[in-house]
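Below, chains carry the letters A, B, ... as their sequence lines are ordered, and counting in each starts from 1.
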Amino acid sequence: MGQEDDMMMSMAMRKGPWTEQEDVQLVSFVNMFGDRRWDFIAKVSGLKRSGKSCRLRWVNYLHPGLKRGKMTPQEERRILELHSKWGNRWSRIAAKLPGRTDNEIKNYWRTHMRKRHKNRKEPYLHLHRSQIHLLTHQYILAIILSIQCK
DNA sequence: AACCATCTCAACCGCGATATT
DNA sequence: AAATATCGCGGTTGAGATGGT
């Protein structure tokens, strides 16, 4: 039954950016039913979105207590520190940064990798992301400092 | 002004993990 | 026990923003 259902559903599903109206609707249904039963909320709210999409919108944007705006220097340092320790364990890192999401931190990290790649052409820059955790904490901090002093 | 390159970030996808029936 | 449904993670994409010539 799973396959046919997926096909039936995906035909009618909306994709792309959320509208304000959709946000309002999602928030009210999450307030009623909690932030766990996403497929149920998707169906019962009348939103033409998958449960997955609803969850993502909530955790990354609508969830109260989300910090907005640029990372503070403290947060930047924490990300580097934890990434050097754990690698691309974004949700684990996010758990240590109140108000920040895994998606946000992942984006932040990528942006910095790009900068580094553009500004210099050192061999380590060509490592696959999965290998980055091999770098030491101190090494990464030194690189970031050099960018900030540029 | 008009174009192309590069960046950013919200949202998507696949898939393994976890929950439910 | 096992099949099916749902969730959550990490990698990736692409439209719009921004920057450079």
K.L.:
A:M71 has an atom CE; how far is it from atom P of B:dT8, in whole Å?
P.N.:
13 Å
K.L.:
A:N103 has an atom CG; how far is it from atom P of B:dA10, in whole Å?
P.N.:
8 Å
K.L.:
Using side-chain heavy atoms (C-beta onward) and a distance below 4.5 Å, is A:D102 in contact with A:I93?
P.N.:
no
K.L.:
Look at A:W90 and C:dG11 and indicate whether a side-chain polar atom (N or O) is within less than 4.0 Å of OP1 or OP2.
P.N.:
yes
K.L.:
Can you tell me how far C1' of B:dA11 sits from CE of A:M13, to the nearest Å?
P.N.:
15 Å
K.L.:
Does B:dT8 pair with anything, Watson-Crick or G-U wobble, both distances under 3.5 Å, and if so, with which nucleotide?
P.N.:
C:dA15
K.L.:
A:K15 near the nucleic acid: base, sugar-phosphate alone, or nothing, with a heavy-atom cut-off under 4.0 Å?
P.N.:
sugar-phosphate
K.L.:
Roughly how many Å is it from CG in A:D102 to P in B:dA10, rounded to a whole number?
P.N.:
12 Å
K.L.:
Donor-acceptor check, side chain of A:Q25 to backbone of A:S45, threshold 3.5 angstrom: yes or no?
P.N.:
yes
K.L.:
Given atom CZ of A:R14 and atom P of B:dA11, what is their separation to the nearest angstrom?
P.N.:
11 Å
K.L.:
Rounding to a whole Å, what distance do you find between A:K48:NZ and B:dA11:C1'?
P.N.:
20 Å
K.L.:
With a 4.0 Å limit, can you tell me whether A:S91 has a side-chain N or O closer than that to the phosphate oxygens OP1/OP2 of C:dC9?
P.N.:
yes
K.L.:
Answer yes or no: does a side-chain N or O of A:T111 lie under 4.0 Å from OP1 or OP2 of B:dT8?
P.N.:
yes
K.L.:
Tell me whether A:E75 is salt-bridged to A:K67, with the criterion being a basic N under 4.0 Å from an acidic carboxylate O.
P.N.:
yes
K.L.:
C:dC9 phosphate, OP1 or OP2: any side-chain N/O from A:R89 under 4.0 angstrom?
P.N.:
no
K.L.:
Could you identify which residues of residues 51-70 of chain A place a heavy atom less than 4.0 Å from some atom of DNA chain B, listed by residue number, or say none?
P.N.:
A:K52, A:S53, A:L56, A:R57
K.L.:
For the residue pair A:W58 and A:W38, establish whether any side-chain heavy-atom pair is separated by less than 4.5 Å.
P.N.:
yes
K.L.:
Taking atom P of B:dC7 as reference, at what distance in whole Å does atom NE2 of A:H112 sit?
P.N.:
13 Å
K.L.:
Evaluate whether atom OH of A:Y61 has more than 12 neighbouring non-hydrogen atoms of other residues, nucleotides or ligands under 6.0 angstrom away.
P.N.:
no
K.L.:
Specify the separation, in whole Å, of atom CG of A:N107 and atom P of C:dG11.
P.N.:
12 Å
K.L.:
Any residue in residues 22-42 of chain A with a heavy atom nearer than 4.0 angstrom to DNA chain B? Just list them by number, or reply none.
P.N.:
none
K.L.:
Please name the residue in the list A:R57, A:R14, A:K48 that meets the salt bridge (Lys or Arg N to Asp or Glu O under 4.0 Å) test with A:E22.
P.N.:
A:R14
K.L.:
Can you check whether A:V30 reaches A:L62 side chain to side chain, under 4.5 Å on heavy atoms?
P.N.:
no
K.L.:
Taking the six-membered ring for Trp, are A:W90 and A:W109 parallel (under 30°), tilted (30 to 60°) or perpendicular (over 60°)?
P.N.:
tilted
K.L.:
Got a sec, which residues hit salt bridge (Lys or Arg N to Asp or Glu O under 4.0 Å) with A:E104, two or more places apart in sequence or on another chain?
P.N.:
A:R100
